[in-house]
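We use all heavy atoms of the structure for the numbers below, so side chains are in, but hydrogens, waters and symmetry mates are not. Values in this document were obtained by computation on a predicted structure and should not be read as measured data.
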Amino acid sequence: MSVSDPIADMLTKVRNAVRARHEKVDVPTSKLKLEIVKILKTEGYIKNFKKIAQDNMNVIRIFLKYDDENMPVIHDLQKVSTPGRRVYSGYKDLPRVYNGYGTVIVSTSAGVTTGKKAAEKMIGGELICTVW
């Protein structure tokens, strides 16, 4: 099976696992996926993650986070930029997700970061996804 958008596939796996109330989900690893998962961890959307080798393949095991009433912390993940339609934004025009309650993940020349940090550094880039 040929994968045309591995980032969208990762976001879909996480979204489906959260809706099914799974404790963890495994996704194939890449540098960009690892950076996105690190941002999800630092922003408090997931409990933890671990890079493991499984069946001659490296995967990232993501431990999902739920509140006291077993409601997921991640309400939704949406891919913004796709292989067929790349979306770029300058630092002045970076979108706010749910009036600042959500997070936009941006790929900049200084690496993958959140929209708030990119605006502070005054650098724009490609909008990867939004999380809330």
Side-chain angles (χ1 to χ4, degrees):
M1 180 176 101
S2 176
V3 178
S4 63
D5 193 359
I7 302 302
D9 290 344
M10 178 191 80
L11 296 177
T12 301
K13 281 187 176 189
V14 171
R15 189 181 322 114
N16 289 342
V18 164
R19 288 181 181 163
R21 301 286 198 277
H22 288 228
E23 181 183 333
K24 63 184 185 263
V25 63
D26 291 345
V27 295
T29 188
S30 75
K31 289 181 184 179
L32 182 58
K33 290 180 190 177
L34 196 58
E35 291 300 316
I36 292 170
V37 171
K38 284 179 185 176
I39 290 173
L40 292 176
K41 168 77 170 119
T42 57
E43 293 293 315
Y45 290 108
I46 61 173
K47 277 187 199 175
N48 209 347
F49 66 94
K50 185 172 23 174
K51 189 175 171 184
I52 59 174
Q54 183 181 44
D55 301 329
N56 291 336
M57 195 170 102
N58 291 331
V59 296
I60 303 169
R61 180 161 289 162
I62 302 170
F63 297 95
L64 303 172
K65 189 174 184 180
Y66 299 93
D67 64 6
D68 296 335
E69 298 167 359
N70 202 26
M71 296 300 291
V73 173
I74 296 175
H75 295 284
D76 202 8
L77 292 158
Q78 292 293 321
K79 183 86 163 92
V80 178
S81 188
T82 63
R85 185 181 65 94
R86 300 290 184 187
V87 179
Y88 298 94
S89 178
Y91 75 93
K92 292 180 182 177
D93 302 324
L94 287 170
R96 289 175 48 133
V97 181
Y98 278 96
N99 205 19
Y101 286 109
T103 304
V104 62
I105 299 176
V106 184
S107 176
T108 67
S109 58
V112 180
T113 185
T114 64
K116 290 179 185 176
K117 291 179 184 174
E120 288 172 6
K121 294 179 184 176
M122 295 177 24
I123 50 177
E126 182 181 355
L127 304 178
I128 298 174
C129 65
T130 59
V131 186
W132 64 90

Cluster overlap Val97 with Val18, hydrophobic side-chain contacts below 4.5 Å: no
Which value, rounded to the nearest 0.5 Å, describes the distance between Ile60 atom CD1 and Ser30 atom OG? 6.5 Å
Find out if a path of hydrophobic residues (ILVMFWY) with successive side-chain heavy-atom gaps under 4.5 Å connects Tyr66 to Ile46. yes
Does any non-hydrogen side-chain atom of Val112 lie less than 4.5 Å from one of Ile39? yes
What is the minimum heavy-atom distance between Leu94 and Ser89, and which atoms define it? N-OG, 3.4 Å
What closest approach, in Å, do Thr113 and Ala118 show between heavy atoms, and which atom pair accounts for it? CG2-CB, 3.9 Å
Could you walk me through whether Asp9 and Lys79 pass the salt bridge (charged side-chain N to carboxylate O under 4.0 Å, His left out) test, one step at a time? CA-CA 10 Å; Asp9 290 344; Lys79 183 86 163 92; over 6 Å; no
Give the intermediate values and the outcome of side-chain contact (heavy atoms from CB on, under 4.5 Å) for residues Phe49 and Lys38. CA-CA 8 Å; Phe49 66 94; Lys38 284 179 185 176; 3.6 Å; yes
Transitively linked via ILVMFWY side-chain contacts under 4.5 Å: Leu34 with Leu40? yes
Quick one: pull up CD1 in Ile52 and CG in Asn58 and give me the separation to the nearest 0.5 Å. 9.0 Å
So, do Gln54 and Arg61 sit near enough that their side-chain heavy atoms are less than 4.5 Å apart? yes
Could you go step by step and tell me if Val59 and Val27 meet the side-chain contact (heavy atoms from CB on, under 4.5 Å) rule? CA-CA 5 Å; Val59 296; Val27 295; over 6 Å; no
Side chain to side chain, Leu127 and Pro95, heavy atoms closer than 4.5 Å: yes
Output for pair (Lys24 NZ, Lys50 NZ), nearest 0.5 Å, gives 9.0 Å
Report yes if some heavy atom in the side chain of Thr130 is under 4.5 Å from a heavy atom in the side chain of Leu77; otherwise report no. no
From CA spacing to verdict: side chain to side chain donor-acceptor pair (under 3.5 Å), Glu126, Ser81: CA-CA 7 Å; Glu126 182 181 355; Ser81 188; 2.7 Å; yes
Measure from the side-chain N and O atoms of Lys33 to the backbone N and O of Pro28, and report whether any donor-acceptor pair falls under 3.5 Å. yes
Could you grab the distance from atom CD1 of Ile105 to atom CD1 of Ile36, nearest 0.5 Å is fine? 5.5 Å
Is there a donor-acceptor contact under 3.5 Å linking the side chains of Tyr45 and Thr103? yes
Residues, nucleotides or ligands: over 12 heavy atoms within 6.0 Å of Arg86 CZ: yes
Yes or no on side-chain contact (heavy atoms from CB on, under 4.5 Å) for Ile74 and Val14, after CA distance, side-chain angles and deciding distance? CA-CA 9 Å; Ile74 296 175; Val14 171; 4.2 Å; yes
Under 3.5 Å donor-acceptor, Asp55 side chain and Met57 backbone: no
One should read off an interatomic distance between Arg19 CZ and Arg15 CZ, to the nearest 0.5 angstrom, of 6.0 Å
Measure the OG1-CG distance between Thr12 and Asp5 for me, rounded to the nearest 0.5 Å. 8.5 Å
Joint hydrophobic cluster, Val87 plus Leu32, side-chain heavy atoms closer than 4.5 Å: no
Checking Ile62 against Asp26 for the side-chain contact (heavy atoms from CB on, under 4.5 Å) test, could you report, in this order, the C-alpha distance in whole Å, the side-chain angles of both residues, the deciding distance, and whether it holds? CA-CA 6 Å; Ile62 302 170; Asp26 291 345; over 6 Å; no
Give the minimum heavy-atom separation between Arg21 and Met71, together with the two atoms involved. NH2-SD, 3.6 Å
Could you check if a side-chain atom of Thr114 sits within less than 4.5 angstrom of a side-chain atom of Val104, using non-hydrogen atoms only? no
Nearest heavy-atom contact between His22 and Leu64 is O-CD1, 3.5 Å
Any Trp132 side-chain heavy atom under 4.5 Å of Gln78 side chain: yes
